[in-house]
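The structure appears below as C-alpha cells.
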Amino acid sequence: MSSSVEAITVLSSDGDEFKITVSAAKLSKPLNWMLEDVCFSDDCDEVPTIEVNSKTLVKVIEYCEKHAPRANSGASDSDAEELKKWDIEFMKMDVKDILFHILMAANYLHMEGLYDLACQTAADLMKGMTVSQIRKIFHIKNDFSSEEQEQLRRQHPGCSFD
Amino acid sequence: MGSSVDFIYWLDRDMSHKILMCLDDPSDLVRISCVSRSWRHFVIGNGLCKQLCLRMFPQLSRASCVAELNKSGAKEPEVGSSSSMEWQALEKDHRVYAYLARACTSFGIVGCIGETIGASSTDNFPEESIDNTLEARDIINGRASYWSSKGQRNPGVPETLTYKLVCPICVIMEISVHPFEAFFQPGNPIYSAKSVRIKMGHPNPSLDASADGKYVWTYISPEFPMAQENELQKFKLPEPVLCIGGILQIELLGRIQRQEMDNLFYICVSHVKVVGRPLSPAFGIEIREPSSGTFVLKCDQLAKCPTQPAFSNEVQAISPDYVQRRLRDFQQIVTMLRENVVQVVEEYDWDEEDEVDDFEEAYAL
C-alpha cells in the first residue's frame with residue numbers, strides 16, 4: 001500500500017461506495033487487514049465490499065472518523081469526556097431500524113468500542129422498564145398462557161408486569 | 001428483521017448474553033425473564049441471575065449448590081418447563097438467586113452485631129471488656145465505657161476485635177468505630193489506631209486449628225485510615241460484602257497514643273457499629289468443606305423477612321439496640337435505674353474530693 005493514500009473506498013452490501021480515512025479504518029481489524037492485503041493505489045481499481053448495509057455503514061464510518069484521532073494518539077481527560085457525550089448522542093437511534101444492525105456490524109468488524117457501546121445502549125433501554133414496556137420496545141409478543149402469567153406473578157411478587 | 005426486534009432470536013447467543021450482562025440490577029433480569037417463553041428460556045438456561053449475583057458478591061462463588069426449604073409451589077411445574085433434571089436445577093438456581101438479589105437490595109438495613117467474641121488483648125477485664133463497645137455511650141452510670149488493649153512498647157503491634165453477627169448470612173455495608181478519649185487523663189488523650197481493616201468469614205471447625213486459625217477469612221477489606229478524633233468514624237466498604245459464616249473482625253493497625261503514666265502505647269474503642277442487611281431466616285448456609293469454605297445456600301421464600309424499600313436513618317439509629325438486646329436489655333434498665341438513684345443522692349451529698357480520687361483510681365487504663 002502506498003503511504004500517500006489517506007482514504008480508501010469501500011462498497012456496502014447494497015453496492016454503494018463510501019470513503020473512509022485510513023486512520024479511521026484502522027479501528028477495525030478486518031479493515032486493517034484489508035489495507036495491508038489490497039492494493040489501494042490509483043492504478044488499482046479493486047474496491048473491497050463490506051457486508052454491512054449502507055444505512056449502517058454510514059453510522060459505523062461516522063463513529064470511526066470521530067474516534068480515530070483519540071485511538072491513534074491517546075487523549076486528555078477532557079477529550080474523553082467530550083467523546084463520551086458524543087457517544088451518547090450518537091447512540092440515540094431507532095432500536096428497530098438500526099441499533100441491532102450497528103451491533104452486528106461492530107461484531108463483524110471487530111470494533112470492540114462500538115460493540116460495547118451498542119450492547120450497553122440496548123441494555124439501558126430495558127433498565128427499570130416493566131415487563132409490558134420491554135415487550136413494546138422490542139415488539140415482542142407475550143406468548144405465555146394466562147395460567148402461566150398468573151404463576152409468574154406469584155413467583156415474582158416484587159416484579160412489575162404492567 | 002421484520003417488525004419484531006427480538007434480539008434474543010436475532011442475535012447469536014454471545015451477543016444477547018453480553019447485552020443482558022450489561023444490566024446491573026437483578027430485578028431488571030427478573031422482569032426480562034417474564035417477557036416471553038424464549039426470553040425466559042434464555043435467562044434461566046444461561047444462569048444469568050446467578051452470574052449477576054456472583055458479580056455483585058464474589059463470596060458466592062463458593063456456594064456449591066442451593067437448596068429450597070418449605071417451597072410453596074412444589075407441586076406446580078415451572079412456567080414453560082421441560083422435565084430434565086438439569087433444567088430443573090437451572091430453574092431452582094434462577095428462583096433462589098433472583099430472590100437473593102432482591103433480598104440483598106431490599107431487606108431492612110439494621111445494626112448487624114449479634115454478640116462479642118473477643119479482643120486480642122484486654123487491659124483490665126471485665127472493666128475494659130470488648131462488651132463495652134456494643135454500647136454507644138462512653139459514660140454509663142458515671143463510669144467510662146470502652147475497651148482498652150494492653151499497653152505495648154512497640155506502636156506497630158496490632159489489635160483485633162471480633163464479633164459474631166446477628167445471623168450467618170448478612171450483606172455488610174458500613175462499619176463505624178469510635179476511638180475512646182480518656183477524658184479523665186491529663187490532656188484528654190484519644191487512643192485511636194492509625195488505620196482499620198475489616199475481615200469477614202466463618203468459624204474453622206477443624207480440630208487442629210491454631211489460635212489464629214479459629215476463623216477462615218473469606219473477605220479482607222482495604223485499609224482505612226483512622227483519625228485521632230473523639231467521634232464515631234464511618235468506614236464504608238467499597239462494595240457491599242456478603243458475609244458468609246457470620247464472623248466479623250476489626251483489625252486496628254498501628255498505635256499513636258502513649259499513656260503518660262507508663263509510657264506504653266494503647267488502643268481504646270468506645271463503640272463499634274456494623275450496618276447491613278441480615279438475610280436470615282429467608283437464607284441460611286451450611287458450610288460443606290471448612291478448608292475451602294464451600295457451602296450450601298439455603299433459601300426459604302416463605303420465611304418472614306423484614307422488607308424495607310429504602311434506607312431510613314431512624315431505623316438505623318434504633319435497630320442496633322433491638323438486635324443487641326437479650327441480657328443486655330435488662331442490664332441497661334438496671335444501670336439506668338441506678339444512674340437515677342445516684343443523681344438524686346448526688347444532689348444532696350456531693351463530695352468533690354472523693355469523686356476525683358475515685359475517678360483517677362478507677363480510670364487508669
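Below, each value reflects all heavy atoms present in this structure, side chains not excepted, and no hydrogens, waters or symmetry copies. Values in this document were obtained by computation on a predicted structure and should not be read as measured data.
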Starting at [atom1] of [X], measure out to [atom2] of [Y] and round the result to the nearest 0.5 Å.
X	Y	atom1	atom2	answer
B:S36	A:F138	OG	CZ	11.5 Å
A:C159	B:I32	SG	CD1	10.0 Å
B:K18	A:Y115	NZ	OH	6.5 Å
A:H101	B:W10	NE2	CH2	8.5 Å
A:L103	B:S16	CG	OG	8.5 Å
B:L23	A:D124	CG	CG	8.0 Å

Taking atom [atom1] of [X] as the centre, report whether more than 12 heavy atoms of other residues, nucleotides or ligands fall under 6.0 Å from it.
X	atom1	result
B:R288	CZ	no
B:Y9	OH	no
B:E239	CD	no
A:K127	NZ	yes

Task: chain B contact via A:T121 - which portion, at a heavy-atom distance below 4.5 Å - done: neither
Open item on the list: Between A:D116 and chain B, with a heavy-atom cut-off of 4.5 Å, which part of the residue counts as in contact: side chain, backbone, both or neither?
Closed with: both
- [ ] Could you tell me whether a side-chain N or O of B:R31 sits under 3.5 Å from a main-chain N or O of A:V131, the two making a donor and an acceptor?
- [x] no
Task: Donor-acceptor contact present, side-chain B:D28 to main-chain A:G128, <3.5 Å - done: yes
Task: Sole candidate of A:N142, A:I134, A:L152 that passes side chain to side chain contact (heavy atoms under 4.5 Å, CB included) when paired with B:C34 - done: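 Going through A:N142, A:I134, A:L152 one by one, the side chain to side chain contact (heavy atoms under 4.5 Å, CB included) with B:C34 is satisfied by A:L152 alone.
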TODO: Using the side chain to side chain donor-acceptor pair (under 3.5 Å) rule, collect all pairs that involve residues 84-93 of chain A, keeping only residues at least two apart or in two chains.
DONE: A:H67-A:D87, A:E89-A:K92
- [ ] Search all heavy atoms of A:P157 against all heavy atoms of B:R102 and return the closest pair with its distance.
- [x]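 Between these two residues, the closest heavy atoms are CG-NH2, 3.6 Å.
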- [ ] Grab the two heavy atoms, one from B:I19 and one from A:M126, that are nearest each other, plus how far apart they are.
- [x]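 For B:I19 versus A:M126, the nearest heavy atoms are CG2-CE, 3.9 Å.
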Open item on the list: Strictly below 4.0 Å, N to O, side chains only: are B:D6 and A:K141 in salt-bridge contact?
Closed with: no
TODO: Can you tell which part of B:S27 gets under 4.5 Å to a heavy atom of chain A, answering side chain, backbone, both or neither?
DONE: neither
TODO: Establish, yes or no, whether a centroid distance under 6.0 Å links the rings of B:W39 and A:F144.
DONE: no
